[in-house]
Enquirer: 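Dropping a structure here in structure tokens format, bear with me for questions.
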Amino acid sequence: MKNKLMVPLVATAIVVVLVFGFLYVWTGTDYYKFSDGASSEQIEALKSNKIDYMIKEDGSLWIRKSDELKVAQCCT
């Protein structure tokens with residue numbers, strides 16, 4: 001009886017982990033190019049509003065897509 005109960009529980013746990021992993025990978029790392037060069041004023045505004053950004057090797061500024069609304073409110 002114990003084994004019959006464990007199989008569905010383990011299968012459910014695996015499915016939940018896979019779904020959350022899929023959502024994290026596909027929604028958490030999308031960035032869009034905000035500008036070709038990052039000024040110090042832009043960086044300070046992004047930091048003060050806790051907006052996730054990255055500066056690539058060519059100097060371009062990239063913003064996480066999930067922070068797009070925050071950028072529109074503070075930095076445009």
Side-chain angles (χ1 to χ4, degrees):
M1 187 70 175
K2 207 175 195 182
N3 288 336
K4 289 182 181 180
L5 183 62
M6 288 299 292
V7 172
L9 289 176
V10 170
T12 302
I14 290 172
V15 168
V16 167
V17 168
L18 289 175
V19 167
F20 279 109
F22 176 78
L23 291 173
Y24 177 77
V25 168
W26 287 103
T27 61
T29 57
D30 291 340
Y31 288 83
Y32 70 95
K33 190 173 186 177
F34 186 70
S35 68
D36 290 328
S39 69
S40 59
E41 293 85 17
Q42 286 175 326
I43 300 302
E44 286 302 316
L46 294 173
K47 284 181 182 178
S48 66
N49 289 290
K50 298 177 183 164
I51 296 171
D52 189 20
Y53 68 92
M54 69 177 170
I55 300 173
K56 292 207 174 180
E57 291 178 9
D58 63 354
S60 59
L61 178 63
W62 292 72
I63 307 291
R64 186 182 292 252
K65 283 188 179 181
S66 61
D67 290 335
E68 192 170 10
L69 182 59
K70 289 183 189 176
V71 173
Q73 291 174 341
C74 84
C75 308
T76 54

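Index from 1, following the sequence.
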Enquirer: Measure the shortest side-chain to side-chain distance between Ile51 and Lys70 over non-hydrogen atoms and say whether it is less than 4.5 angstrom.
Expert: yes
Enquirer: Which atoms form the tightest heavy-atom contact between Ala45 and Cys74, and what is the distance?
Expert: O-SG, 4.4 Å
Enquirer: Counting only heavy atoms not in Lys33 (residues, nucleotides, ligands), do more than 12 fall under 6.0 Å from its NZ?
Expert: yes
Enquirer: Distance check, rounded to the nearest 0.5 Å: Leu46 atom CG versus Ile63 atom CD1?
Expert: 4.5 Å
Enquirer: When rounded to the nearest 0.5 angstrom, what is the spacing between OH in Tyr31 and CE in Met54?
Expert: 5.5 Å
Enquirer: OG of Ser48 to CD1 of Ile43: how many Å apart, nearest 0.5 Å?
Expert: 11.0 Å
Enquirer: Quick one: closest heavy-atom pair of Gln42 and Gly37, and the distance?
Expert: OE1-O, 3.3 Å
Enquirer: Rounded to the nearest 0.5 Å, how far does CG of Asp52 lie from CH2 of Trp62?
Expert: 13.5 Å
Enquirer: In this structure, which one of Val19, Val17, Leu18 forms a side chain to side chain contact (heavy atoms under 4.5 Å, CB included) with Val15?
Expert: Val19
Enquirer: To the nearest 0.5 Å, tell me how far Phe34 CZ sits from Ile55 CD1.
Expert: 12.0 Å
